[in-house]
Amino acid sequence: MLTLRVFLLCLTFNWCHGADLSNKFFPKNFQFGLSTSAYQIEGGWNEGGKGESMWDRYFHENTSRSLDGYNGDVTCDSYHRWEEDVQILKDIGVDVYRFSIAWTRILPDGTTKHINQEGVNYYLNLIKALRDNNIEPLPTLYHWDLPQHLSELGGWLNPQIATYFGDYARICYQMFGEHVKRWLTINEPKSTCLIGYGSINNAPGLELIGDGIYQCAYVQLLAHAKAYRIYDEEFRNSQGGVVSIALDHPWSEPYSDSPLDVEAANIENQFGLGWYAHPIYHGNWPQPMIERIGNRSLLEGYTFSRLPVLSNEDVEYIKGTHDYFAINIYTGYYTQHIDDYGVGEPSYWLDKGNNVFSDPSWPKSSSDWLTSYPEAMRKLLNWIKVEYNPAEVMVTENGWPDSTGTLEDQERITYMQGYLSNLLDAIDDGVNVIGYLHWSLLDVLEWNAGHTQRLGLVHVDFESANLTRTWKNSAYWYQNLLTTRCLVDNCQ
Ligand code: NOJ
């Protein structure tokens with residue numbers, strides 16, 4: 001039954017008809033949910049025994065690193081308001097809530113020398129409240145907030161961090177594993193490496209775009225594999241859950257049928273998604289990366305490839321560390337071949353080459369990197385099936401930013417309709433997509449964009465004393481979808 005409000009919104013915005021939308025029901029066991037992350041939603045940055053993370057340090061060192069001066073010190077204050085947030089999740093009717101655990105709440109300096117019971121209790125309370133409300137908790141162990149102490153040890157450039165990560169993962173499985181059936185190890189490792197270790201725009205703000213980023217990816221893969229294997233060997237029998245890594249990639253579409261553009265798009269997809277997925281599914285870096293980075297490194301005067309060589313032992317350790325494919329899908333691009341740039345400064349961007357751009361007709365969001373290209377959902381899901389043939393795929397993020405946080409967010413609804421319709425088409429194509437988690441529950445902190453980019457289904461008034469949460473139209477729309485499980489008037 002449609003609520004009156006949703007019915008009126010349907011009439012006003014023509015939500016319920018959608019001529020081009022799939023008229024299939026979402027499968028019975030398909031899971032809908034919402035995603036957030038600790039640094040972006042919790043606040044309480046130095047409360048309850050929490051240690052300092054590299055994002056705390058990054059913003060505190062220089063306030064101009066955030067576009068509007070906001071940082072994660074308070075943000076949505078979910079550290080104190082989590083019960084209100086669980087109630088919202090329940091009212092929207094989600095099956096799953098994806099959140100992340102702040103490493104520094106559990107282990108203040110990142111090491112096991114001190115376990116912070118207050119931090120453990122915070123997540124235990126959250127997880128139990130979710131369970132009590134029939135919402136499956138889906139924790140991500142690491143969503144970009146490395147303990148500052150470990151950052152000072154070299155962070156993701158230091159292979160020893162993989163051991164620290166394994167130890168941290170083990171404690172999380174011990175503390176929370178009884179109530180958790182689905183885990184994610186690392187969120188968007190590519191973004192951490194490319195933006196955090198390849199530019200000044202994200203913590204730790206290093207500009208190592210020619211070499212550090214590849215070392216960072218190597219260490220993150222080792223860390224993911226370690227956390228996966230610890231679960232597999234020590235917990236799977238008793239806890240019976242599944243573990244994966246949340247990758248991200250904007251689908252790359254060849255600009256034309258020319259073999260050069262087709263190959264360029266393949267290179268783009270391999271550098272974007274294959275960089276992580278290929279070692280995890282097939283055991284080594286994708287061949288185009290090995291060749292291109294190797295060749296360019298020699299031309300640049302190196303005696304070895306800037307892409308770390310995986311030893312046989314590494315290959316065996318990383319390969320097969322997946323139980324389901326978790327993917328964040330926001331957008332897509334056209335890719336056009338361009339002749340090789342020749343030797344230049346060592347750089348990821350030159351290594352892959354290619355001209356990458358959006359079609360001018362695709363609706364633009366308030367973020368430069370995100371236009372709406374709904375077919376990206378179907379095409380990328382199909383590509384994943386062809387390349388990796390995973391048993392199950394879960395879309396762990398998809399979302400639309402605007403700069404105002406308007407409650408009348410028809411653009412977001414249109415975006416979701418298009419992407420979800422393409423997700424249904426991908427299921428029809430034979431991809432076993434088991435869930436869709438929208439980003440985000442609230443207008444969480446959008447990293448260095450502060451609150452200038454709002455992606456929540458629920459608005460947060462950051463000027464108000466109690467950080468008032470107000471449902472946007474998209475929250476009502478999602479609530480209705482979760483009841484009807486159908487994008488149009490009548491599904492078959
Ligand atoms: C991906 C990241 O996981 C998340 O932290 C970020 O807020 C969203 N994309 C939107 O940019």
Side-chain angles (χ1 to χ4, degrees), residues 33-43 53-56 58-59 65-68 70-72 75-76 78 96-103 138-146 156 183-196 198-199 201-203 220 224 244-251 272-273 276 326-333 364-373 376-377 380 394-403 405 409 411-412 415-416 419 436-458 460 474:
L34 287 163
S35 290
T36 62
S37 86
Y39 186 75
Q40 294 177 274
I41 194 173
E42 280 179 12
S53 80
M54 72 175 173
W55 273 95
D56 295 323
Y58 177 78
F59 278 139
R65 284 177 173 158
S66 152
L67 221 59
D68 58 2
Y70 278 108
N71 59 29
T75 176
C76 305
S78 208
V96 181
Y97 179 47
R98 175 182 174 225
F99 58 95
S100 78
I101 297 174
W103 190 337
L138 201 177
T140 307
L141 292 170
Y142 179 76
H143 198 121
W144 303 5
D145 44 356
L146 193 70
W156 290 113
W183 292 92
L184 285 166
T185 55
I186 299 180
N187 174 70
E188 295 200 359
K190 183 180 68 180
S191 301
T192 307
C193 294
L194 263 189
I195 322 176
S199 84
N201 297 328
N202 271 14
Q220 289 205 335
H224 155 75
S244 195
I245 183 170
L247 303 180
D248 65 294
H249 182 55
W251 164 248
L273 186 58
Y276 288 87
I327 179 79
N328 298 349
I329 304 180
Y330 284 85
T331 190
Y333 295 105
K364 291 185 176 47
S365 74
S366 55
S367 289
D368 298 346
W369 57 275
L370 207 170
T371 55
S372 177
Y373 179 48
M377 176 70 91
L380 185 55
M394 183 178 255
V395 176
T396 38
E397 283 184 35
N398 169 247
W400 180 257
D402 61 50
S403 56
D409 57 341
E411 278 184 1
R412 178 167 296 109
Y415 172 92
M416 289 168 86
Y419 277 72
Y436 168 90
L437 313 182
H438 190 79
W439 184 276
S440 179
L441 166 63
L442 304 180
D443 282 340
V444 299
L445 185 91
E446 182 59 0
W447 304 107
N448 67 347
H451 293 304
T452 64
Q453 304 294 326
R454 309 278 193 125
L455 287 102
L457 297 191
V458 175
V460 179
S474 56

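Ligands are counted one by one from 1 in listed order, and the atoms in each one are counted from 1 as well. Worth saying up front: this structure is predicted, and the values here are computed from it rather than measured.
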Exercise. What atoms of ligand 1 come closer than 4.0 angstrom to any heavy atom of H143?
Worked result: 2 (C), 3 (O), 4 (C), 5 (O)

For this session: Hey, can you tell me if F59 and Y39 have their rings parallel, tilted or perpendicular (30° and 60° cut-offs)?
Result: parallel

Exercise. With respect to Y415, which candidate in W400, Y330, Y373 satisfies the ring pair (Phe, Tyr, Trp, His ring centres under 6.0 Å) definition?
Worked result: W400

Exercise. Between the main-chain N or O of A38 and the side-chain N or O of S100, is there a donor-acceptor pair closer than 3.5 Å?
Worked result: yes

Exercise. Short list, please: which atoms of ligand 1 are under 4.0 Å from a heavy atom of W369?
Worked result: 11 (O)

Exercise. Between Q453, Q40, E397, which one has a non-hydrogen atom sitting closest to atom 1 (C) of ligand 1?
Worked result: E397

Exercise. Is there a donor-acceptor pair under 3.5 Å between the side chain of Y419 and the backbone N or O of A376?
Worked result: no

For this session: With heavy atoms only and a cut-off of under 4.0 Å, state how D248 meets ligand 1: side chain, backbone, both or neither.
Result: neither

Exercise. What protein heavy atom is closest to atom 8 (C) of ligand 1, reported as residue, atom name and distance in Å?
Worked result: Y330 OH, 3.4 Å

Exercise. What protein heavy atom sits nearest atom 11 (O) of ligand 1, and how far away is it?
Worked result: E446 OE2, 2.5 Å

Exercise. In a check of side-chain hydrogen bond (donor to acceptor under 3.5 Å, both in side chains) between N187 and each of D248, N328, T140, which one passes?
Worked result: N328

